[in-house]
Amino acid sequence: MKTVILKPTKDSISLCAEQLKSGELIGLPTETVYGLAGLALAPESLAKIFEAKSRPTMDPLIVHVALETPSTAALMKEKLIDPKELSDAAVKKIDRLIRKFWPGPLTLVLPKSSLVPDLATSGLPTVAIRMPAHPVALELIRAVGSPLCAPSANQFGKISPTSAADVKKELDGKIPSILDGGECERGIESTIILVDEDAEVFCLRPGSLALEEIEAALDGEKIRMKALDSSQGPLKAPGMLKSHYAPKTPLMVLEHRLDRLTTLPQIPQTAKKIGVLVMEGNLQQAENLAEAMFDHAVEVRSLSRDGESNEMARNFFRALRELDECGADLILSEPIPNGTGGLLYALRDRLKKASTPAKAG
Ligand code: TXA
Ligand code: MG
């Protein structure tokens, strides 16, 4: 199959809607990362998603909706969730979050209805749902007339795509079309939040909506992290595997930022070129410093001008992908700056997972 990158015109969006309705998958721009979209309520389309990504079916998908006026009531009208399983207090919080953050990079884990195929949720009684903020994503969902499942459009465990060209590299020949919605504005995935039966709020995956923004919307209520722990019963976030978002090139995180390093890391003798990821500052200066420090050819990327975490997040996967593709034998990354404010926490999660050697796929 030939994979074509399409400008998002009215005609190309209609074409993609038809392709989706006939069971094909589409590369979909969102404000976070590009998704691999298929019909959320059709098990055959879902099966294709898992196959195209080589993703294990134990890793559940996110259902993407396009509500006219985002609210819990509008979501219930879509018949994707089972409101009987939610207390009034939980509904109140969920409604607040939906009204405040949708469309946007917030995914909510809610009790699923029987309409949602078990394949979408890996057999869990809950379904993850979000309303993306990218106009092309919303237009496409509306043109199809039913929700779409869309995991990040990368091969399982690999670097998430933030441009149409990235998607083509990951899925060439496996999908007919990729809608080109430009570079992703956020750059890392949505934040996943669970509001449980007792209306307690947990974060299952930090992402491009900062936790303090969600806490502020809940009158300062503290959100706890829910880590993956199979000994505590069913997995609440099976996708939170240790290794993820990983480049093919080995990635090592340095102990300190480049200009504060006192000892150099051990670099294999055979290495010819190293990629260097710095967090902030002028690229030319970072290049000069790296060239002076290492006896190797270096390729340097800087994530931001001044350490602003939204900018760092926006550039993170792109920089990692470029370093992965530059022919380096090793990538060295500065650690994410201290602190948990803004997107630093989510960035630390992504860098940690990217630097754990992948066991499979
Ligand atoms: O920003 C995003 O969320 C992107 C764009 C394309 O929308 N999508 C994305 O999907 O990141 P994906 O498939 O890469 O991540 C889905 C993750 C799963 O790995 C799992 O951690 C969590 O969502 N998830 C899905 N359903 C769940 C459920 N019922 N309970 C707990 N976690 C769930
Ligand atoms: Mg993913």
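Scope of the values below: all heavy atoms of this structure, side chains included, with no hydrogens, waters or symmetry mates. What you are looking at is a predicted structure, and each value in this text was computed from that prediction instead of being measured. Start at 1 and go down the list; that is how both ligands and their atoms are numbered.
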ask   = With side chains defined as the heavy atoms from C-beta onward, is the minimum distance between Lys168 and Ile5 less than 4.5 Å?
value = yes
message = Within the 4.5 Å heavy-atom criterion, are Ser333 and Leu351 side-chain neighbours or not?
response =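 Answer yes - side chains close enough.
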Run the numbers for me: atoms of ligand 1, each under 4.0 Å from some heavy atom of [X], listed by number.
X	answer
Ala150	6 (C), 8 (N), 10 (O)
Ser190	1 (O), 2 (C), 3 (O)
Leu61	25 (C), 26 (N)
His64	5 (C), 7 (O)
Ile192	17 (C), 22 (C), 23 (O)
Thr126	28 (C), 29 (N), 30 (N)
Glu189	1 (O), 2 (C), 11 (O)
Ala128	25 (C), 26 (N), 27 (C)

Looking only at side chains, do [X] and [Y] share a donor and an acceptor under 3.5 Å apart?
X	Y	result
Thr9	Asp11	no
Gln284	Asn282	no
Arg205	Ser190	yes

note = Which of Arg186, Arg305, Arg318 passes salt bridge (Lys or Arg N to Asp or Glu O under 4.0 Å) with Glu311? It is Arg305
task = Please state whether the separation between the Mg ion (ligand 2) and some N/O/S atom of Tyr245 is under 2.8 Å?
result = no
Run the side-chain donor-acceptor check on residues 267-278: report pairs under 3.5 Å with partners two or more places apart or on a different chain.
residue : atom : partner : partner atom : Å
Lys273  : NZ   : Cys326  : O            : 2.8

Is there at least one pair of N or O atoms, one from [X] and one from ligand 1, spaced under 3.5 Å apart?
X	value
Thr121	no
Tyr34	no
Ser152	yes
Lys53	no

note = Nearest heavy atom to atom 25 (C) of ligand 1, choosing from Pro60, Gly35, Gly207, belongs to Pro60
remark   = Judged by heavy atoms only, the candidate from Thr32, Ile129, Leu108 nearest atom 5 (C) of ligand 1 is Thr32
ask   = Does Arg130 come within less than 4.0 angstrom of ligand 1, counting non-hydrogen atoms of the residue?
value =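 Checking ligand 1 against Arg130, which is what was asked, there is a heavy-atom contact under 4.0 Å.
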ask   = So, Glu183 and Arg314, do they make that salt bridge, N to O below 4.0 Å?
value =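 No salt bridge links Glu183 with Arg314.
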inquiry  = Please identify which of these residues, Val63, Ile98, Val65, Thr107, meets the side-chain contact (heavy atoms from CB on, under 4.5 Å) condition with Met131.
reply    = Val65
query = Do Ile336 and Leu261 belong together in a cluster built from hydrophobic side chains that touch within less than 4.5 Å?
reply =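 In one cluster with Ile336: Leu261, no.
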ask   = Any idea which part of Glu31 is under 4.0 Å from ligand 1, heavy-atom wise: side chain, backbone, both or neither?
value =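 It is neither; nothing of Glu31 touches ligand 1.
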inquiry  = Taking 4.0 Å as the limit for heavy-atom contacts, which would you say applies to Lys112 with ligand 1: side chain only, backbone only, both, or neither?
reply    = neither
query = Under the 3.5 angstrom rule, does the side chain of Ser177 hit a backbone N or O of Cys16 as a donor-acceptor pair?
reply = no
